[in-house]
Amino acid sequence: MKMRKLIASWPAVRQATNLADWRGMGRTVQSERSASLEPRTDTADSVVRSICPYCAVGCGQRVFVKGGKVTQIEGDPASPISRGRLCPKGSASKQLVTHGRLSKVRYRRPHGTEWEDLDLDTAMDMIADRVIKTRAETWQDVDENGDRLSRTMGIASLGGATLDNEENYLMKKLYTALGAIQIENQARI
Amino acid sequence: MVPDATPMSYYGQPILKPPTWKWPIAAYLFTGGLAAGTSLVGAAARLHGDRRLAGAASAATMSAIGVSAGFLIEDLGRRSRFHHMLRVVKITSPMSVGTWIFSIFSSLAGASAVAEIGEKVGVPARVARPVTAVGQVGSALVGPALATYTAVLLADTAVPAWHEARRDLPWVFAGSATASGGAMGILLSTLAPLDPSDGFASGPRRMAVVGAALEVGADEAMHRRLRAVATGDTDKPDIGAAYTSGSPRVLAGAARAASVTGAATVALAGRRDRPRTRLLAAAGALLVLAGAALERFAIFHAGKASTTDPVYTVGPQRLRLVPPARRP
Amino acid sequence: MGASFGRGAATGFQQDLANADCIVIEGSNMAECHPVGFQWVMEAKARGATVIHIDPRFTRTSAVADQHVPIRSGSDIAFLGGLINYVLQGGHDFREYVVAYTNASVLVSDDFQDTEDLDGLFSGYDPDKRSYDTKTWQLAHRRPPAGSPAGAEKASAGYQHGSGGASPGFDGDYEMDPTLEDPRCVYQVLKRHFARYTPEMVERTCGIPEDQFRKVAEALVANSGPERTSAFVYSVGWTHHTVGVQYIRTASILQLLLGNMGRPGGGIMALRGHASIQGSTDIPTLYNLLPGYLTMPTAGRDNNLRAYIDDQIGQAGFWGHLDAYIVSLLKAYWGDAATPENDFGFDWLPAVNGDHSTYQSVLGMIDGTVKGYFIVGENPATGTANGKLQRMGLANLDWLVVRDFNEIESAAFWHDSPEIESGELRTEDIGTEVFLMPAAAHTEKDGSFTNTQRLLQWHNKAVEPEGDTRSDLWFYFHLGRIIRDKLAASTDPRDIPVRNVTWDYPTEGQWDDPSAEAVLREINGFSLIDDPDSSHGGGKVPVSSYTELKADGSTSSGCWIYAGVYADGVNQANRRKPGSEQSWVAPEWGWAWPSNRRILYNRASARPDGTPWSERKKYVWWDEDAGKWTGLDVPDFVATMRPDHPGDPDGPPEQRLPGTAPFIMQQDGLGWLYAPNGLTDGPLPTHYEPHESPVANPLYGVQSSPLRQVFDRKWNWSNPPVNAGYPYVFCTYRLTEHHTAGGMSRGLPYLSELQPEFFCEVSPELAAERNLVHGEYATIITARSAIEARVMVTDRVTPLRLGDRTVHQIGLPYHWGWRGLATGDAANDLLPGVLDSNVHIPEQKVASCDIMPGRRPRGPALVKLVEDHYSKAMDGHPPAHSTDW
Amino acid sequence: MTIIDRGSDGTDLTLQGIGTPRYDREQRVGFFTDTSICIGCKACEVACKEWNDVPADGLNFLARSYDNTGHLSADTWRHVAFVEQPTTDPESARSGVRWLMSSDVCKHCTSAACLEVCPTGALFRTEFETVVVQQDICNGCGYCVSACPFGVIDQRKGDGRVWKCTLCYDRLRGGQTPACAQACPTQSIQFGPLEQLRERAAARIEALHDQGVDDAQLYGDDPGDGVGGFGAFFLLLDKPEVYGLPPDPVSTTRDLRTMFNAATAAAFGLLGIAAATLLGQRRG
């Protein structure tokens, strides 16, 4: 029986049986794979509404996920701003989030010549110690004419425009509680 | 300066993609023609009753077929899928038609060769003999198609130097196949000398000479036709220019020289099949074979050359177009 | 924007550009840098609008514009001033609008002296302190304003109220002349100020032929008035100048005169570069601001909460509720620890005293005062002006934390940088300890961006981050948690705020991510009165608008202008009602601050009596029967205030403004043509040459802005102006294919192959003059450094005729750096650190340079080339203080 | 010029014209690329590559204005061309320069040379009447590469098979818009039923001519051209060759009859000569 099916599926035979396309340019030569093709977005586990991370137009993006991996990022037609469209950078978002990503903490010791490994929790602890130490060493209670400062001029921070509002909020709140005031971001360049 | 896009093209960039085929395909054009020509010699010998020459020719044909198949499969991007060529019978594709011609030709010639061998190892003559004859003559009848379909294959492309030569290429290839067959006939008969009394030996010589003449004549006609297709460009005035520089020019010249001298030498060797003339004829045959092969390579390279310069594509097309009528 | 209208943000939204009859794109290359937003300009063009692009280069925006006007980088005020002069001389202003909604009719005090009188300086200039005393700029009042004494001695406050009105202390009770005849009224002051900005002067200063200038002027005038509106679009092409804020002021004045503010198809569209740069100024990771454009306490001035409030609270308009906003913020920060008794923890806030912007910090690193540095999603080593200065700072730190997707230049400087290559730095000598932490992408975390039209849009987490990759929310939450644990037992008073800060966010997921929604709820704010019988059954109830915030500590709000983003307990930023299923204003997609208004000051889209200016430009109007304002958008006005409301001096601050005052954040509710406060460098924009210009100032004796901030020191010397050593002008810009400093694009194959190499764009004439060969290399040199670029000789860059001399301009896209796939020199290495006095933004869009064919030298020879060239330009003199020029 | 005879149901084949198999279900879809509103952003190039996982093809600075892609190939299925031209038109508001931008793509021809010459049936006419290479069939014979009059399709190095735009065949089967058309910020690339696109293009060209843009021209909208009309046609602002497009492309299959006749004649010629030269001898 398998042989008969094989013979019947041979396009040359199908040219004879399906005279509409006897020249062998359409359905008769369509392979099994082509006949069952479907877009990977249809077979995604989930699609998530997102916003492009690049510029401030704020284009809507749909992120398709399968097996815990991002399989496609394209425009969100529902967005009244972008109407489903994207620029070259926005269209490259899938590559941005999947290509060449650093996934391990890198650590360089003072005067070191190489990157070293460092596990995340140790790194967090080391950074916290350094913040506390530098803050203590450079704390200013009052200025020269006795006006309250209660700040450290030893710690600075740069960045925020590519971050979420919530991240900016926690950063400003933590730095302000620590008395670090030299906080800046791309709004100033 | 960002070069102003010359009106002829986009930064001088070719319009077409160069053919992906490499030298094995050019070689196949020759070996295909050779197989066809040789099968004709073999069949004639078979009909003529000269079984020794016929057997030699059959062997030669089969080896040419083997080499041809090797070339064809070698050039494929995905060699393991060579059998996909038989997936469909497509009359709009000269390559599909050609594949079926090649298959039919090979199976007939193959059957004949197998039967001949079979006879030697015990298959009764009354069974083997007819298969050998019918196979060989059958394949010979398909041979000409095998020789000329490749011309249609090249012509049915956007390659200017090939498409504009579509009326002449088949005759060039036919002539070339005839010459090759004749030449191979001469060589076979020198290796396996015929009975001098038998006038057959002069056949291959005549075939080689007439074939070469046809090849050279058709080639000249092709060049004249290509030169008639103007491009409107100054340094490459017509499509014939594809043959006037680089390897096409060298190959075309060599092909012409080899074919002509080869044919002359064979002609000089005359009709008598004597030891002295046999050597001369063999030398001529080799030259004729060389001429045929070089002719194929010349056409192959000229075709590629004509895709790398947009002049050959845009020029003729623009001259052919009435200046686009200004819409009201 | 803040000084002119009361809020420092885009006044409209991108879709509204489709309603414009004329769009002027200047200081922006919208088709390349905001291509998907540009569809709305194409929509306007399809409806017959005129699109004009004014840019030193002919770019992809110019290719589809109706008119491209090549302009000399750095001369925009001369051009816009010329347009203002054209409007004023011809009386083309939208008179009814101007008289009702701007301070054109207000009289300026007698002792104000204009730059026309003092050859480039305003009255009140103190050359030693290089600042102005704004006493002489004030407007004339019939009676002294309540609160601070009239004309109090005040240094011109910086652009503190990015989004607030000018600093308080005034109210609307002015001496006025509605006929605009009185020589002391703002209209006439304006007329005299710009009288010399004639079309001939514009041609001599900007290199714009007169016919081109007139074409723009006529297009703008023809497309303004009741029936037609014009829009301006700008971006960093304006802000990256030492007089950047004044560029925007000039456009604001022009748009006010033409009556385009607050109206559909009008306004000024500020296009921001990063996904949430507007968000990062609203909830500012900035030194001088607290969330909602509240100022950081200033040492000496704001010694306690009462002083802080009294100094800044507005007499009228919504800045009148400053107390409610600051108290609500303190309640959000300190929670229950903030009580009326301890001034709601006001003293736990650190104080600022002066400019602590990023250049001061970098100089601090070089001088050793700044020891620790966090770089979060930014790349200063190539993205900030004067890359070498940045890298020298990084090399002198004790420790550095970089959070990004890969090893960007700012993380690799210690083993791979131009200075390592030139030998100025050696890896072993660099003592900086570096932590490079992988950051999560937008698909790996929940959160909201605020885009260029003040719209908060939520992006949902799609996948979990892998390996050590974490979101920055995770990083700061856990860093805060660890620090608080380590300081839990501390008795040191400085650690009190660290203990009191509210830090108990719920965490979720396999990496204990703090809930971004919880943070947004805190930003939105709660009413804290535990009202058991309220519909929400007591407990903290999200406030629905900033009008609900109280000053008695009964409400909290992390950012008052974002109050309402969590109205009714729903994350409004995550609303996704498709555009096709709602009006073109699309109010139910995301949430725009303030209070989801899409066009600000939209009261001005109606006549003083509340009826629309025209049927075609109807937007918001007074509905007599319903007794409230209505229209296509949320009215930017007190909903029920009648148009003929006279203004109740004793009522709440917002009631003190009359019903005809569209600019509700301003003290007087008027659009400020003349800005007596809010700007450090003058009430009116004045043309000054860029800090480094090959041309002398044709209008005034003062060459460049007297208040520009310069740091004359090693690695930051300036090119002397009008100097043969640096004869050409260059400007930096972006391309569609790459993103800012390249961190998010030069590592991607699909983008790198579109623009693989750093190139410079030069005109055929300059190429001939300096024999630069198309496709080959050229070296561009300034006092800071020399870089190499492939040469693109193109007609799209035109030499400009300024009177009898020609100015050549060179275009440099600044995306490149030495890490990633597409590598090259960084254009920012050429630039000096010279800042605008209002907002401390460096001048990155114009400077002078020289250019020569061939590649740059490698190794120490590079430093020698730069130094030799500089000393030749200074003909041997040592580096001079650039403020003397 | 042979008119492609669609015949009743396309069964009538004349060697002159090649009927196109008709699928009852789907309507023919295609692209209309209006280059007059293209802003050269290359979103189409990236969106195409991201959807189809097309390999990147090298970092090479071409110094051809903003085009560093060069041309269509096996690894580039959308290519944006940039042409800088000095304008002599005094009235033109531009400062003496015009910058043409156009996103090139496979034309999905009505009479597609690649499809017609493909010997294995790898290339086939889909139910949307687009032309697609079936990667599980193609054995890299390369015939289509020589046959394409536009130089669109090409063999991929290291892979051996040929690749080109599939008009997002898988997306079409899911009822979705091709990736490039969806991404295009100004809808210079418009996707839809071909008939509709042709009407839209006619109206657009009319409007442009009224606005005095005289050299605006449609390229590939005429079913009577050498390839029976394009499935992806263009509105250009200059002659096609300025963009690297052939002015009068032809699918050589239209001359197939003459070619086969010539070959048959030559074959008989060969047979004749052989017979004459070899069989003319009497034995001994």
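Below, read A as the first sequence line, B as the second, and so on, with proteins coming before strands; counting in each chain starts at 1. These values consider heavy atoms only, across backbone and side chains, with no hydrogens, waters or symmetry-generated copies.
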*If you take all heavy atoms of D:P149 and B:A158, which pair is closest and at what distance?*
CA-CB, 3.7 Å

*Tell me, for D:A113 versus chain B, whether the close heavy atoms (under 4.5 Å) come from the side chain, the backbone, both or neither.*
neither

_Check whether D:R161 reaches the backbone of B:G77 with its side chain - one donor and one acceptor, N or O, closer than 3.5 Å._
no

_Gap between atom CG of B:D156 and atom OG1 of D:T253 - 0.5 Å precision_ = 5.0 Å

_Per-residue contact mode, B:F173 against chain D (heavy atom under 4.5 angstrom)_ = neither

_So which atom in D:C141 and which in B:T20 form the shortest heavy-atom distance, rounded to 0.1 Å?_
O-OG1, 4.1 Å

*Just give me the residue among D:V117, D:V145, D:L245, D:L62 that pairs up with chain B most often, heavy atom to heavy atom, under 4.5 Å.*
D:V117

*asked:* Minimum heavy-atom separation for D:L270 and B:P144, please, with both atom names.
replied: CD2-CA, 3.4 Å

*Which atoms of B:P19 approach chain D - backbone, side chain, both or neither, heavy atom under 4.5 Å*: both

_Smallest separation among heavy atoms of D:L278 and B:M207, with atom names_ = CD1-SD, 3.6 Å

_Any side-chain to backbone donor/acceptor pair from B:W171 onto D:A265? Under 3.5 Å, distance only._
no

*Of the non-hydrogen atoms in B:Y11 and D:S65, which two are nearest, and what is the gap between them?*
OH-CB, 3.5 Å

*Return the option, out of D:G151, D:P119, D:G269, with the maximum number of heavy-atom pairs under 4.5 Å with chain B.*
D:P119

*asked:* When you measure from the side chain of B:T92 to the backbone of D:E116, do you find a donor-acceptor pair of N or O atoms at a distance under 3.5 Å?
replied: yes

*Applying side-chain contact (heavy atoms from CB on, under 4.5 Å) between D:M259 and each of B:L153, B:V152, B:L169, report the one that passes.*
B:V152

*asked:* Quick one, B:I91 with D:F260, criterion side chain to side chain contact (heavy atoms under 4.5 Å, CB included). Give me CA distance, side-chain angles, the key distance, then yes/no.
replied: CA-CA 10 Å; B:I91 71 148; D:F260 270 131; 5.8 Å; no

*asked:* Within the 4.5 Å heavy-atom criterion, are D:C138 and B:H84 side-chain neighbours or not?
replied: no

*Would you mind telling me which of D:G142, D:G244, D:S146 has the largest number of heavy-atom pairs within less than 4.5 Å of chain B?*
D:S146

*Under a 4.5 Å heavy-atom cut-off, does chain D meet the side chain of B:A140, its backbone, both or neither?*
backbone

*Where on D:F150 is there a heavy atom nearer than 4.5 Å to chain B: the side chain, the backbone, both, or neither?*
backbone

*Measuring from B:R78:CZ to D:N139:CG, what's the distance to the nearest 0.5 Å?*
10.0 Å

*Please look at D:C148 and chain B and tell me whether the side chain, the backbone, both or neither of the residue comes under 4.5 angstrom of a heavy atom of that chain.*
backbone

*asked:* Counting only heavy atoms from other residues, nucleotides and ligands, does the tally under 6.0 Å from NZ of D:K157 exceed 12?
replied: no

*For D:D255 and B:H163, does a side-chain donor sit closer than 3.5 Å to a side-chain acceptor?*
yes

*In terms of side-chain heavy atoms, does D:D67 have a donor or acceptor partner in B:Y10 at a distance below 3.5 Å?*
yes

*Can you tell which part of B:V97 gets under 4.5 Å to a heavy atom of chain D, answering side chain, backbone, both or neither?*
side chain

*What is the minimum heavy-atom distance between D:L256 and B:P94, and which atoms define it?*
CD1-CG, 4.1 Å

*From D:I273 atom CD1 to B:L40 atom CG, the distance as rounded to the nearest 0.5 Å*: 10.5 Å

*Which bit of B:T178 comes within less than 4.5 Å of chain D, counting heavy atoms only: side chain, backbone, both or neither?*
both

_With a 3.5 Å distance limit and no angle check, can you tell me whether B:K17 reaches the backbone of D:L72 through a side-chain donor-acceptor pair?_
yes

_Under a 3.5 Å distance rule, please check whether B:R87 uses its side chain to pair with a backbone N or O of D:T120 as donor and acceptor._
yes

*asked:* At a heavy-atom distance under 4.5 Å, which candidate from D:A274, D:G160, D:S251, D:A263 has the highest pair count against chain B?
replied: D:A263

*Side chain, backbone, both or neither: which part of B:A151 has a non-hydrogen atom closer than 4.5 Å to chain D?*
neither

*Considering only heavy atoms, which portion of D:D238 lies under 4.5 Å from any heavy atom of chain B: side chain, backbone, both, or neither?*
neither

*Give, as side chain, backbone, both or neither, the part of B:P14 having an atom under 4.5 angstrom from any heavy atom of chain D.*
neither

*Does any heavy atom of chain B fall under 4.5 Å from the side chain of D:I137, the backbone, both, or neither of them?*
both

